[in-house]
A.B. asks: 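What follows is a single structure, and I will ask about it in a moment.
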Amino acid sequence: MQTPLSTSDAITVRDLRKTYRIREGGSWRGKTRDIVALDGISFSVPKGQIAGFIGPNGAGKSTAIKILSGILRPSSGEVQVNGLVPWTNRVAHVARIGVVFGQRTQLWWDLSVGEGLALLRDIYGVEPERFARNRARLADALDLGGIMDQFVRQLSLGQRMRAEIAASLIHDPDILILDEPTIGLDAPSKLAVRAFVHELCRDRGTTVLLTTHDMHDIEALAERVIVIGHGRILADSPFEDLRMTTLSERILELDFHDTPPELTLPAGASETAREPHSITITFDPRQIPAPALVAHVGHLPGLDDLRISRPSIDEIITRFYADHPA
Amino acid sequence: MSLRPYLTAFGLQWKIGLRYRIAVVAGLVAQMWFGAVTLMAYASVYHAAPDVQAPLSLRQAMTYTWIQQSLFTLLPLGCLPAIGDAARTGSIVYDLLRPVDMWNWWLSASLARLLGNAVPRAVLLACVAGPLAMIVGLGAWSLAPPASLISAILALVSIALGALLSATIVMGWNILTARTLSPLGSYAVGTPLAVLLSGMLLPLPLYPDWIRPFLLVQPFAGITDIPIRIYLGTPIPGGVATGLGLQIFWLAALTLLGRLWMRQTVNRLEVQGA
């Protein structure tokens with residue numbers, strides 16, 4: 001007999017599977033083929049955590065998000081969100097979550113932002129005082145003051161995304177699901193969205209599940225990264241752990257005011273690029289710690305400057321995907 | 001369960017329906033035009049064969065036509081436009097994310113859209129084709145008053161049922177749209193069916209004897225044909241009670257079938273991408 005799913009976690013998923021049956025060819029009775037989108041995934045997210053959910057296109061992220069939102073029924077497996085099974089208690093479940101699909105709009109194009117929020121107030125049955133309080137708080141935090149009276153179709157993408165996030169939070173959901181919330185946004189808008197989500201989690205204890213292709217979102221927000229690929233969980237760890245296990249190497253760049261000299265490097269370090277006035281060295285800090293390497297090269301004649309950097313999160317994720325091929 | 005979300009959905013679509021004032025005027029002109037052409041056709045047919053005992057008198061056929069024209073936008077011609085747009089853009093997923101009964105939510109929106117379109121046009125056209133036509137001396141071509149006060153009251157009840165029935169048929173088109181993720185199919189199927197079977201093209205009482213019973217018992221007759229017959233006081237086989245009974249039967253049957261279809265659709269609605 002299986003142990004019951006824990007109720008102290010905001011989200012619990014056990015052995016979740018989803019197979020899509022698609023029809024091939026245009027004929028009336030086309031052949032069908034099964035596509036496995038989720039092949040048995042399990043994880044749980046404690047209350048108040050921000051969990052990043054990443055993976056390449058077609059990995060199964062969206063399928064998992066839809067099942068957790070209650071709009072898709074899995075083929076098998078157990079899910080509890082706030083103690084409810086999303087697809088059997090759809091109405092009760094969706095009343096307690098907020099969802100933003102970055103590529104779709106939930107506000108009404110023909111209405112102003114303020115009118116749209118008022119409609120959502122009626123749909124979710126938010127009491128007038130609570131609505132007024134939430135609206136003021138969200139307008140302030142997301143800088144919506146100037147656009148409350150504008151039609152949604154007139155908003156810029158950044159303005160619209162801020163309005164969408166406000167729309168998903170007007171009923172104080174315990175869980176916020178963000179599906180690519182920063183897609184297409186400019187840098188200031190991305191920073192604003194990230195700062196807001198961070199505050200939301202810190203000040204109100206909202207649990208956040210975030211999918212994104214922008215690894216800076218993950219780096220800035222997620223305490224934890226769940227990497228999904230081919231319908232399975234490939235990694236589930238704090239981001240630093242993922243960095244250490246996947247791509248722990250660092251890069252040392254040396255600039256010279258003349259032609260760089262020939263180098264003899266200690267074990268664990270190697271020269272990976274040479275330019276007329278610079279050298280790039282890649283090293284593994286577990287074999288040769290950075291201070292020792294710097295001490296080793298610091299006396300080189302003609303050295304102007306040196307920089308140590310870590311691989312970007314994009315490089316780490318690309319390497320991780322490459323290490324887990326189809 | 002609170003009614004508030006459904007009233008909100010109703011209010012929104014009602015407002016959108018009323019927003020297009022130019023469309024109301026344009027529609028009115030088009031319907032006046034089609035109404036007038038149809039009337040002239042009837043006049044020549046009736047005058048060419050004065051001995052034939054037609055099921056409707058010329059005046060009744062004209063009144064039938066005027067009411068039918070004024071209620072054109074009450075017909076279930078296709079899905080609710082908002083649902084068509086949502087299906088195309090994918091934001092239909094948000095409809096599933098609202099803590100509401102999907103059927104009632106879409107039904108109240110669909111009904112509001114039909115009424116928001118039809119009520120202003122019907123009132124305007126009734127004024128033009130009724131009192132105004134009489135004042136300018138076109139009384140013979142005008143919309144006749146109801147057969148009696150009772151007929152008027154029963155016709156109002158019947159038209160309310162007809163509007164609800166139409167919205168229920170629109171729900172069928174909405175579900176079709178949600179399944180195919182395109183509104184086109186619903187219009188391709190809905191418009192010809194609704195125009196033909198509601199009596200918009202030719203009043204149902206004027207069809208040949210052998211087909212008339214079938215035309216009366218199909219659901220589209222309950223939208224405008226049965227209310228108009230009650231208004232005119234023309235006999236319905238089995239009386240007014242049969243007319244209202246048919247409307248209620250179809251309302252119940254289509255609601256039951258539609259809810260089943262909707263549940264099945266929501267269970268398999270798999271919006272691709274994103």
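The chains referred to below are lettered A, B, ... by the order of the sequence lines, with proteins before strands, and numbering in each begins at 1.
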A.B. asks: Listing request: all salt bridge (charged side-chain N to carboxylate O under 4.0 Å, His left out) pairs with a residue in residues 157-174 of chain B, at least two apart in sequence or in separate chains.
C.D. replies: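 Counting only pairs at least two positions apart or across chains, no salt bridge (charged side-chain N to carboxylate O under 4.0 Å, His left out) contact touches residues 157-174 of chain B.
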
A.B. asks: Flag yes if more than 12 heavy atoms outside A:R232 fall under 6.0 Å of its CZ atom; otherwise flag no.
C.D. replies: no

A.B. asks: Heavy-atom count around B:F34 CZ within 6.0 Å, excluding the residue itself: above 12?
C.D. replies: no

A.B. asks: Could you check which of A:I97, A:V94, A:I65 has the highest count of heavy-atom pairs closer than 4.5 Å to chain B?
C.D. replies: A:V94

A.B. asks: Is chain A contacted by the side chain of B:T89, its backbone, both, or neither, given a heavy-atom distance below 4.5 Å?
C.D. replies: backbone

A.B. asks: Any idea which heavy atoms bring B:A122 and B:L71 closest together, and the distance?
C.D. replies: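 Closest pair (atom of B:A122, atom of B:L71, distance): CB-CD2, 4.0 Å.
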
A.B. asks: Which atoms of A:W109 come close to chain B, meaning under 4.5 Å heavy atom to heavy atom: side chain ones, backbone ones, both, or neither?
C.D. replies: neither

A.B. asks: Need one label for B:L7: side chain, backbone, both or neither, based on atoms under 4.5 Å from any heavy atom in chain A.
C.D. replies: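 Contact with chain A involves no heavy atom of B:L7 at all.
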
A.B. asks: Assess whether a salt bridge exists between A:D217 and A:R194, defined as any Lys/Arg side-chain N lying under 4.0 Å from an Asp/Glu carboxylate O.
C.D. replies: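 Result for this pair is yes, salt bridge flagged.
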
A.B. asks: Hey, are A:E164 and A:R160 close enough for a salt bridge, meaning a charged N less than 4.0 Å from a carboxylate O?
C.D. replies: yes

A.B. asks: For chain B, find its close neighbours in residues 115-126 of chain A: heavy-atom separation under 4.5 Å, sorted by number, or none.
C.D. replies: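 Contacts with chain B: A:E115, A:L119, A:L120, A:R121, A:D122, A:I123, A:Y124.
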
A.B. asks: For residues A:G55 and A:K61, report the shortest heavy-atom separation together with the two atoms involved.
C.D. replies: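 Here A:G55 and A:K61 meet closest at O-NZ, 2.8 Å.
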
A.B. asks: Sort A:L111 into side chain, backbone, both or neither according to what part of it lies under 4.5 angstrom from a heavy atom of chain B.
C.D. replies: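 Looking at A:L111, just its side chain touches chain B.
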
A.B. asks: Salt bridge between A:K66 and A:D179, side-chain N to carboxylate O under 4.0 Å?
C.D. replies: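 Not counted as a salt bridge, because no side-chain N and carboxylate O are separated by less than 4.0 Å.
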
A.B. asks: With a 4.5 angstrom heavy-atom cut-off, which part of A:R96 approaches chain B: side chain, backbone, both or neither?
C.D. replies: neither

A.B. asks: Can you tell which of A:I183, A:T105, A:T211 has the highest number of heavy-atom pairs within less than 4.5 Å of chain B?
C.D. replies: A:T105

A.B. asks: Should the pair A:R204-A:D172 be classified as a salt bridge under the 4.0 Å nitrogen-to-oxygen rule?
C.D. replies: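 Result for this pair is yes, salt bridge flagged.
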
